[in-house]
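Beneath this line is the structure, given in structure tokens, with notes to follow.
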Amino acid sequence: MYKNNFENYMNLDIYKDIEEIRAALEHLGAKKILLQLPDGLKPEVYHYFNYLSANYNVVISSSPVYGACDIGPSSIYDKVDAIVQIGHSPMPNVKYPKPTIFVEHHYNARISNIDTSLLEGKYDRIGLLFSVQYKEVADEVRKIFENKGFTVIIGKKDGRMAYDGQVLGCNFSSVHSISYDVDAYVLVSTGQFHGIGAQLSTEREVFVLDLNDYKLHSMKDEADKFIRKRYAQIFRAKEARKICIISDTRIGQRRERLARIILRQVQQMGLEGILAVTDNISNQDLENMRCDAVVYTGCPRVPIDDQQKFTMPLLTPAEFEMGFVKNSNRYVLDEIVSVDDPADK
């Protein structure tokens, strides 16, 4: 009875998600599951929970979900048979400790035309990129660009990606792989989050096809603003005497080996350094430890996007190298290609 009523008012995309989850869980024989949803889908959490809990013991994660790199703390997932994460694709080179089902929740849209006037007469070979929710839309975009006479090239994934052409906030291998083959890039996404990252990883111009307004937006100016802000933090950090190096415990962000290398470099410079681990970096904790500056080896987007939450400069490993090791004037975006094996001690 509930199922029939549920199908009548539930978004079709959500219904597809739930049917995909149900089939995968039946195959696994799972009984108790951890369900993770990105913030954009949390308003629909009652739909997911009510349907799935009819047949499974469902635990909802209320914490933010940053990607396939983040399946929550072991104190939670150790107690379930399987993990279900919606809105992300798997990271092939991450060893998940429990069966993990990724439901990508593709965004569906019909696009009949795109204004390409910003590209015409200037760029011929276009590298096409997408964030995973927009994979199917990107295929429609490719056809439109080819019909307009552009050559469209799809970049190659690395071991952290599920698809060619895909980008993550921490990995732009699809950009690097075709940097000599294209004149510019078009990223199918929303907002500027992935667009700025893509622009920072290449000297070619990056345009975001924002599915909020279906217009192309250049990321050049936004990336320049970003670089100026990051250099300000690097210069602030150079005044530090006590530096804390943070290793994140999230399974897809754990780079403790890199953190230990940076700790040795800090100590060799005659500075005071400590190594700390966390699954939730906090300004209060860092202030309590009297840190003058922090090098965070977890998600590179934390220093980039959350600096305003911290009173001390927060650097990525690449920024630390630029400011303390090489004194480079060329900004390098920190990217995660691989992480430590959770079995390593």
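Throughout, numbering of the chain's residues begins at 1 and tracks the sequence. Note that these values count all heavy atoms, side chains included, but never hydrogens, waters or copies made by symmetry. Treat the numbers as computed from the prediction; the structure is a model and nothing was measured.
Residues I71 and I76 fail the side-chain proximity criterion, which asks for heavy atoms closer than 4.5 Å. Using a 4.5 Å heavy-atom cutoff, the side chains of V295 and I243 are in contact. Taking the side chain as every heavy atom from C-beta outward, Q36 and I83 approach each other to under 4.5 Å. Using a 4.5 Å heavy-atom threshold, the side chains of T249 and T278 count as separate. Using a 4.5 Å cut-off on side-chain heavy atoms (C-beta onward), I144 and I111 make contact. Side-chain atoms of E26 and N55, non-hydrogen and from C-beta on, never get closer than 4.5 Å to each other. Side-chain contact check for E321 versus Q265: every heavy-atom pair is 4.5 Å or farther apart. With contacts defined as side-chain heavy-atom distances shorter than 4.5 Å, the pair L271/K242 does not qualify.
If you check the side chains of S131 and S189, you find a donor sitting under 3.5 Å from an acceptor. Donor-acceptor pairing under 3.5 Å is lacking for the side chains of D210 and H217. For the residue pair H88/Q133, the side-chain donor-acceptor check at 3.5 Å is not satisfied. Residues R236 and Q233 have side chains that bring a donor and an acceptor to within less than 3.5 angstrom of each other.
Other residues, nucleotides and ligands contribute more than 12 heavy atoms inside 6.0 Å of the OH atom of Y214. Summarising the local packing, NZ of K326 is surrounded by 12 or fewer heavy atoms from other residues, nucleotides or ligands at distances under 6.0 Å.
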Open item on the list: Let's go through L216 and D115 carefully: what are the C-alpha distance in whole Å and the side-chain angles of both, what is the deciding distance for side-chain contact (heavy atoms from CB on, under 4.5 Å) to 0.1 Å, and is it a yes or a no?
Closed with: CA-CA 7 Å; L216 291 172; D115 181 0; over 6 Å; no

TODO: Please test K32 against V59 for side-chain contact (heavy atoms from CB on, under 4.5 Å), starting from the C-alpha separation and ending with a verdict.
DONE: CA-CA 8 Å; K32 185 175 183 179; V59 178; 3.8 Å; yes

TODO: Could you walk me through whether T151 and D124 pass the side chain to side chain donor-acceptor pair (under 3.5 Å) test, one step at a time?
DONE: CA-CA 6 Å; T151 298; D124 297 316; over 6 Å; no

Task: Working for side-chain contact (heavy atoms from CB on, under 4.5 Å), residues H106 and Y134 - done: CA-CA 6 Å; H106 291 153; Y134 309 110; over 6 Å; no

Open item on the list: With side-chain contact (heavy atoms from CB on, under 4.5 Å) as the criterion, how do E120 and F150 come out once you've worked through the C-alpha distance, each side chain's angles and the decisive distance to 0.1 Å?
Closed with: CA-CA 9 Å; E120 292 169 6; F150 293 97; 3.9 Å; yes

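Between G191 and N212, the closest heavy-atom pair is N-ND2, 4.2 Å. Nearest heavy atom pair, residue P64 against residue D70, reads O-OD2, 3.5 Å. Contact detail for V58 and F49: the closest heavy-atom pair is O-CE1, 3.6 Å. Scanning all heavy atoms of the two residues, the minimum distance from R255 to V339 falls at CG-CG1, 4.4 Å. Contact between P38 and I86 at its shortest, heavy atoms only, is CD-O, 2.9 Å. Closest approach of A184 and F207 over heavy atoms only: CB-CE1, 4.3 Å.
Rounded to the nearest 0.5 Å, atoms CD1 (I281) and SG (C244) are 7.5 Å apart. Between the NE2 atom in H47 and the CG atom in L41 there is a gap of 11.0 Å [rounded to 0.5 Å]. In this structure, I196 CD1 and I304 CD1 are separated by 9.0 Å, a value rounded to the nearest 0.5 Å. Distance CD1/I33 to CD1/I21: 7.0 Å, rounded to 0.5 Å. Residue L211 holds its CG atom at 5.5 Å from CG of L209, rounded to the nearest 0.5 Å. Rounded to the nearest 0.5 Å, atoms CZ (R228) and NZ (K225) are 8.0 Å apart.
The closest donor-acceptor contact from the side chain of R160 to the backbone of G252 lies under 3.5 Å. Within the 3.5 Å criterion, the main-chain N or O of L119 finds no donor-acceptor partner in the side chain of T116. Side-chain atoms of K98 come within 3.5 Å of backbone atoms of D78 as a donor-acceptor pair (strictly under, hydrogens ignored). Remark: the backbone N or O of I336 is paired with a side-chain donor or acceptor of N171 at under 3.5 angstrom. Side-chain atoms of Q85 come within 3.5 Å of backbone N or O of A68 as a donor-acceptor pair. Judged purely by atom type and a 3.5 angstrom limit, Y185 uses its side chain to pair as donor or acceptor with the backbone of V175. Of the possible donor and acceptor atoms, one in the side chain of D292 sits under 3.5 Å from a partner among the backbone N and O of R241. In this structure, the side chain of Q166 engages the main chain of A162 through a donor-acceptor pair within 3.5 Å. Between the Q199 side chain and the V206 main chain, a donor and an acceptor come within less than 3.5 Å of each other. Side-chain atoms of D81 come within 3.5 Å of backbone atoms of K31 as a donor-acceptor pair (strictly under, hydrogens ignored).
The pair K220-E205 does not count as a salt bridge, with every side-chain nitrogen at least 4.0 angstrom from each carboxylate oxygen. A salt bridge is absent between D164 and K157; no separation between the charged side-chain nitrogens and carboxylate oxygens falls under 4.0 Å. Using a 4.0 Å cut-off between charged side-chain N and carboxylate O, R142 and E146 make a salt bridge. A salt bridge links K95 with D341: the closest approach of a Lys/Arg side-chain nitrogen to an acidic carboxylate oxygen falls below 4.0 angstrom. Salt bridge E256/R254: present, at least one basic N to carboxylate O contact under 4.0 Å. Using a 4.0 Å cut-off between a side-chain N of Lys or Arg and a carboxylate O of Asp or Glu, D248 and R250 qualify as a salt bridge. With respect to R22 and E19, a salt bridge is recorded, a charged nitrogen being found less than 4.0 Å from a carboxylate O.
Geometric assessment of K238 against the ring of F324 yields a positive cation-pi assignment under the 6.0 Å and 45° thresholds. Annotation: cation-pi geometry satisfied between K135 and Y163 (NZ/CZ under 6.0 angstrom from ring centroid, within 45° of ring axis).
For the salt bridge (charged side-chain N to carboxylate O under 4.0 Å, His left out) with D183, the qualifying choice from R204, R125, K122 is R125, the only one to do so.
Using a 30° and 60° split on the angle between ring planes, Y231 and Y331 fall in the perpendicular class, above 60°.
No single ILVMFWY cluster, assembled from side-chain heavy atoms under 4.5 Å apart, contains both V137 and V167. Note on V188 and V132: same hydrophobic cluster, where clusters join Ile, Leu, Val, Met, Phe, Trp and Tyr whose side-chain heavy atoms are under 4.5 Å apart, directly or indirectly. The same ILVMFWY cluster, assembled from side-chain heavy atoms under 4.5 Å apart, contains both Y51 and L28. When the side chains of ILVMFWY residues are joined at heavy-atom separations under 4.5 Å, either directly or via intervening members, Y296 and L275 end up in two distinct hydrophobic clusters. No continuous path of ILVMFWY side-chain contacts below 4.5 Å connects I126 to V182, so the two sit in separate hydrophobic clusters.
The aromatic ring centres of Y96 and Y77 sit 6.0 Å or more apart.
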